[in-house]
Amino acid sequence: MNPAESAFLRACRREPVPHTPVWFMRQAGRSLPEYRAVRADVPMLTACAVPDLIVEITMQPVRRYGVDAAIFFSDIVVPLKAIGIDLDIKPGVGPVIAAPIRDAAGVATLRPIEPDDVPYVTEAIRALVGELGGTPLIGFAGAPFTLASYLIEGGPSKNHDRTKAMMYGEPALWHALMDRLTGIVIGHLRLQVEAGASALQLFDSWVGAVAPDDYREFVLPYTSRIFAALDDLSVPRIHFGVGTGELLGLLGEAGADVVGVDWRVPLDEAAVRVGPGKALQGNLDPAILLAPFDVVEQRARDVLARGAKAEGHIFNLGHGVLPGTDPDQLARLTDLVHEH
């Protein structure tokens, strides 16, 4: 089958589907014993640069669960590493930046990304497209706000204090940083589609820290620019953030075809906030998968019923699969969604 006719891409385009498509953020990852086996002695950023490993890890959940889409195995900081930023992903911590960017000289070190910077991405995507057949492959990138937060804070942050201090106190520097990051994100997403990805997801994981007026001023111009720059590629574009209940209308306004919703806002309410002309993706609380399956089933049916109010619905979690999740829960959940 042609991936273009898959239930996933049809739902993204708000077309009729044979069943609600389902995939899971972080479906390839620590919850899978086969993932832990291949990653045993391999640092994260090394795994993200070895085509054979990328292909194997991306395929694992497709084989195990029969999900409707694969998502490219990588990390949002990979393009930053590829252009020369000194960073590492520390187990149990996350991305750590050796020299945080807090001035104009730091911003000047951010250069555009070229396909030659990430040959392993192109090679792995081409191999995956051959192996996946009719199952679509989702490419992705981190959004400028979330990347900026890591670069400014030097690593994960609870309150994003330094990020907001720059945004409010040094707006010219903030806009210069966001401008550079926007170019990098556009380049990285485009090369994934050119290699064969069928859809794209922009992860703005930390943008829920921003109030709507500040989002409109300091973030929206850049996310809008990204989605506009991908327009000619004719692939569905998904926009996702965590804690973005108050921003859902703005996320829709930014120009994506699909808005991802975390578990805090029911999908029928999210459809009202996002407005017409968009599909929705989501939004079972990942922690529900740690409960007995009868609880999972009840909650999943509620998500499906509310998702039916949207113009298109892709079933997903409201954030990534938790490491302690039993893979059998995800297998049963995938079957439930398909049978529904």
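Of the possible donor and acceptor atoms, none in the side chain of D75 sits under 3.5 Å from a partner among the backbone N and O of V78. N2 contributes a side-chain N or O that, together with a main-chain N or O of A4, makes up a donor-acceptor pair within less than 3.5 Å. In this structure, R36 contributes its side chain and R30 its backbone to a donor-acceptor pair below 3.5 Å. With hydrogens and angles disregarded, a donor-acceptor distance shorter than 3.5 Å links the side chain of K278 to the backbone of G252. With hydrogens and angles disregarded, no donor-acceptor distance shorter than 3.5 Å links the side chain of N159 to the backbone of D161. Side chain of Q329 to backbone of A291: a donor-acceptor contact under 3.5 angstrom is found. Listed for the E170 side chain is no donor-acceptor partner under 3.5 Å among the backbone atoms of A165. Judged by distance alone, the side chain of D204 and the main-chain N or O of P144 form no donor-acceptor pair under 3.5 Å. Between the side chain of Q201 and the backbone N or O of F140 there is no donor-acceptor pair closer than 3.5 Å.
Using a cut-off of 4.0 Å between Lys/Arg side-chain N and Asp/Glu carboxylate O, R306 and D302 are scored as salt-bridged. Under a 4.0 Å N-O distance rule, the pair E253/R216 qualifies as a salt bridge. Note on D262 versus R264: salt bridge recorded, some NZ/NE/NH1/NH2 to OD/OE distance being below 4.0 Å. Under the 4.0 Å criterion applied to side-chain N and carboxylate O atoms, R237 and D231 are assigned as salt-bridge partners.
One distance of note links OG1 of T122 with CG of D116; it measures 9.0 Å at 0.5 Å rounding. Of the inter-residue distances, the one linking I54 atom CD1 with L128 atom CG reads 8.0 Å to the nearest 0.5 angstrom.
Considering only heavy atoms from C-beta on, V67 stays 4.5 Å or farther from F8 through its side chain. Residues L247 and P212 meet the side-chain proximity criterion, which asks for heavy atoms closer than 4.5 Å. Between R10 and E5, some side-chain heavy-atom pair lies under the 4.5 Å cut-off. Between Q281 and W23 there is a side-chain heavy-atom pair separated by less than 4.5 Å. Put simply, the side chain of V303 reaches to within 4.5 Å of the side chain of H313, judged on heavy atoms. Residues H338 and V22 form a side-chain contact, since some pair of their non-hydrogen atoms from C-beta on lies under 4.5 Å apart. At least one side-chain heavy atom of Y65 sits under 4.5 Å from a side-chain heavy atom of L32.
Between H319 and W263, the ring planes lie parallel to each other; the angle is under 30°, not in the 30° to 60° tilted range. Aromatic ring pairs are classed by plane angle as parallel below 30°, tilted from 30° to 60° and perpendicular above 60°; the pair H160 and W206 is tilted.
Taking the salt bridge (charged side-chain N to carboxylate O under 4.0 Å, His left out) definition, one finds that E131 meets it with R63, sequence neighbours left out. Residues meeting the side chain to side chain donor-acceptor pair (under 3.5 Å) test with T58, sequence neighbours left out: none. In this view, R273 and E269 satisfy the side chain to side chain donor-acceptor pair (under 3.5 Å) rule, not counting sequence neighbours.
When the shell of 6.0 Å around CZ of R102 is examined, it contains more than 12 heavy atoms from other residues, nucleotides or ligands.
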